[in-house]
Every structure is written in structure tokens, then in C-alpha cells.
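Remarks on the structure that follows.
So you know, we letter chains A, B, ... as the sequences are listed, proteins then strands, and number each from 1. As a basis for the values below, the full set of heavy atoms in this structure was taken, side chains included, without hydrogen atoms, waters or symmetry mates. Only a predicted model underlies this, so the values are computations on that prediction, with no experimental measurement involved.
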There are 2 protein chains.
Amino acid sequence: MELTKDKSRHHHGNLHAALVEAGIEILRSSGLDALSLRKCAALAGVSHAAPAHHFGNLEGLKWAIAEEAFARFSEFMRTHAAASDDTAHGRLLGICRGYLAFARAEPALYEMIFCLQRKEPESKRDASTSYGILRDTCAPFVPPGTDPVIIETQVWSLVHGFALLELHGRLGDTPPPDDAILALLRHIGQEPA
Amino acid sequence: MELTKDKSRHHHGNLHAALVEAGIEILRSSGLDALSLRKCAALAGVSHAAPAHHFGNLEGLKWAIAEEAFARFSEFMRTHAAASDDTAHGRLLGICRGYLAFARAEPALYEMIFCLQRKEPESKRDASTSYGILRDTCAPFVPPGTDPVIIETQVWSLVHGFALLELHGRLGDTPPPDDAILALLRHIGQEPA
DNA sequence: ATCGAATCTTTACAGTGTAAACTTGACACC
DNA sequence: GGTGTCAAGTTTACACTGTAAAGATTCGAT
């Protein structure tokens, strides 16, 4: 059960990472509702109060896990964008494909991310996160004088909706949502500046 | 604190409704995370185990509250649809406006609904619910040979995305999303059959 | 070598969901 | 009217949770 435990008794070494990894493990095997400070501690082989000392409270642990999840999410999108045509349209389609691929590959982490984002403070949305990637990729499609957030929301929520459909298995034999995404891109309109 | 308590000791009368109302009250005042069986029981003035006897478990209580929330949600959309032009476009725009109005008027209930929907079984999506309204309103826009769920998702997730933006206050002075919804309708395309 | 600070453990407590047994009231039936 | 039956709430009990507080241990700088 225990993941890593070198130094004797106190001073684990990098408990932070071990606890996050334990949390991801629990998410994958038992889902979001099963995640608890005490289970993480047990899986990492430390006392039940150790996580609170590191992350403050349960919310803090969740955010730490989400940070890791966001990093992997971003990586997914970057690789898919790189595998697409090197045009503004191609890159945007690429991150959308990456988005869906991540939701398929890591449903537990995906759920965690999007259950937490509803209380996410603005401060967490800097350029290094997936929001930054989205913003950069959408930028060429934002008409002058329009709030970029309008365009970003159209792309993001559309892909999110399709991801939920897929996770619920309601997208059985219907064609992949490339069509819908491409249609959205056409609708968003003009060529990049 | 107590809402209703007529019959002495046992046999409340309609504890079911009283507990749902208490739950809504808690949601509105303290948010989703504060909702618990025991607090509902206390607010309704019954013993702490009574809710479980009625709803099975916490999940059951949440679904019961969500059912009521969905009813009010549907009502919102129906009235807004009735206040719009009596065309296919008008009705669709109307339910989108109703959607946003509900999210603004009842953020707690809105959050409850959309945190629960991720585990919603297909069986709950019958015609009497808001999904039925959405399906009917979208029907004229579904091209022949296309899975209706594709179109419904485009509308639903777009409006949902804007609702989240608004709840987070990120839609400050930008024009109301009528524009975006209208653009989506144009993109969805052809006139109703 | 010592002192302070960081790291984890121990102990403790209130709140939670939930199962089980018990009590009360309502209602049909004779 | 007495009686049995059943549903609705209550009581009791327990395991699990987050979290605060205080103690033990190790690291690192001085």
C-alpha cells in the first residue's frame, strides 16, 4: 500500500509530491467522493494529520492535486496541438482534440479539475496554465473590440459539453465532434490577424 | 428555526417537502458544501435520522432537492420562452435567456443542479424535465440524419459556459451574450422544418 | 555543540452518514 | 372498543471525517 517512506519516522523527504500522487491514485480507483485527507495519509504511509500540515485543509490538498492535473492536462493539449497543422485553425482544433483525449484518458483527474474550477479564483488563471494555452490559441480569432473571454468561452464550453457527453457514453456511434468544432471555427469566423 | 411541525412527535404530515425546503434554505444561505442530512433535520425540527428514513441517504436527499430545483428551472425557461417571439429562433433564444436568468436568480440551486448532473442516469432525462424543453426547442434546428444530442449540446454547453462566466463576475461590462447565442443560432443554420 | 525551526506524530474533539432497534400514532378489521 | 399491522420518527450506536493543539524528532545554520 505504501508508496515511499525512506527517512525514518519524521522528515519524509518530499511528502508533498507523495501525497499528491496518493491522492491521484485514490481519485483513479475510487472517484472524487472517496478522496480524503486521512486516506491520502494512509496510502502515503504517514500519520493522518500530516496532509493538513502540508496543505492546510482538504481544499488545499484538492488544489494541489488539481495543479498537477492541470499540468498533465496542458501537456496533453500541447502535444495534440503540435500534431496538427501549424495554422491558427489547426492549433485550435489540436487543443480541442487534446482536451477530449485527456477527458477520455484520465476521467478522474478531469472530473476533479472541473468540479474545482467553479470556485477558482481569478489569480490562478495565469499564462502557464491551460487557460493560458486556450487564450493564446484563441487570440487570433478574437475580433477587434471584443472581449476575448467571449470567444474563449464559446470554444471551451463547447468542448467541455462534448467531453461530458463522451464520458457518459452518450456519443456512441455518432461521428466524432471534429465536425462540430470545425463548424464552430467557421462560425467564429475570420482568419487570424 | 423550525419550519413546520404540527402533529406531535411522530407523523409530521409532509416531512418530505419540509426537508427539501430546509435543504434549499441551507443551500441558499450557506452553499452546497454545507448541506447535510443532520442540518436539514434540525432546520425542519425532526430527529437527525429522519431524512435518511425518507431519502435513503444523502445522495437521495440531494436528488430530491435537485428535482425541485429542476422544476423551478424549467418554469423559468418556459416563462422566458413565452415572452419571446413565437418562432423557433425566438423560443430557443427565450430558453437561453431563462437559463441565464435562473443562474442569476438562484445561484445555489443552479450549482446544485450542475454538480449533480455529472452522475445523472439517463433514466432521469424524460420529457417533463428541462432536458425535454431543450430537446423540443432544439428539434427544429437538427439537420436530417444528425444526432439531436449534438445540437442540444452545442446550445446547452454554450449557455452554461456563459452562466459560469456571469456567476464569477467575469462578464462585467461586456455585452450580454445574446449576441453569442444569436451567432450560434446562425451557425446552427437552417430554418426550422 | 547548540538552538531554532521545520516536519511529522499523538491526542483529542466535534460533526458527519448510516445502520439497527425501539416507540409512537394511524387505520382497517372483527 | 379492542386488536393487529404498518409506516413514520426517534434513540442509540458506531465508524469515519476534518481539524486543532501539543509533543517528538530531525535538519540546518550559527
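Heavy-atom minimum distance, B:L27 versus B:M112: CD1-SD, 3.6 Å.
Residue-to-nucleotide contacts include no donor-acceptor pair under 3.5 Å from the side chain of A:H48 to the base of C:dT10.
When atom types are taken as modelled, the side chain of B:H160 and the backbone of B:W156 share no donor-acceptor pair closer than 3.5 angstrom.
Candidate nucleotides D:dA20, C:dG17, C:dA19 were compared by shortest atom distance to the side chain of A:A49, and D:dA20 ranks first. Residue B:S47 places its side chain closer to D:dT11 than to any other of C:dG25, D:dT11, C:dT9. When distances run from any side-chain atom of B:H53 to the nucleotides D:dT26, D:dG9, C:dT24, the shortest one goes to D:dG9. For B:R38, taking side-chain heavy atoms from C-beta onward, the closest of the listed nucleotides C:dT16, C:dA12, C:dC8 is C:dT16. Distance from the side chain of A:H10 is smallest for C:dC8 among the nucleotides D:dG18, D:dT10, C:dC8. Out of D:dG9, C:dC8, D:dT19, the shortest distance to the side chain of B:A50 is found at D:dG9.
What separates NE2 of A:H16 from C1' of C:dC8 is a distance of 16 Å, to the nearest Å. Taking atom NZ of residue B:K62 and atom C1' of nucleotide C:dG17, one finds them 11 Å apart after rounding to whole Å.
Taking side-chain N and O atoms only, B:H12 has no distance below 4.0 Å to OP1 or OP2 of D:dA8. Residue B:R9 places at least one side-chain N or O under 4.0 Å from the OP1 or OP2 atom of D:dT11. At least one side-chain nitrogen or oxygen of B:K39 sits closer than 4.0 Å to the OP1 or OP2 atom of C:dT16. OP1 or OP2 of C:dT16 has at least one side-chain nitrogen or oxygen of B:S36 nearer than 4.0 Å.
In summary, the aromatic rings of B:F73 and B:Y99 are positioned with their centroids under 6.0 Å apart.
A salt bridge (charged side-chain N to carboxylate O under 4.0 Å, His left out) with B:R91 is found for one member of B:D85, B:D136, B:D86 and no other, namely B:D86.
Salt bridge B:E75/B:R78: present, at least one basic N to carboxylate O contact under 4.0 Å.
Mapping A:L58 and B:L15 onto DNA chain D via the closest heavy atom, the residue that lands nearer the 5' end is B:L15.
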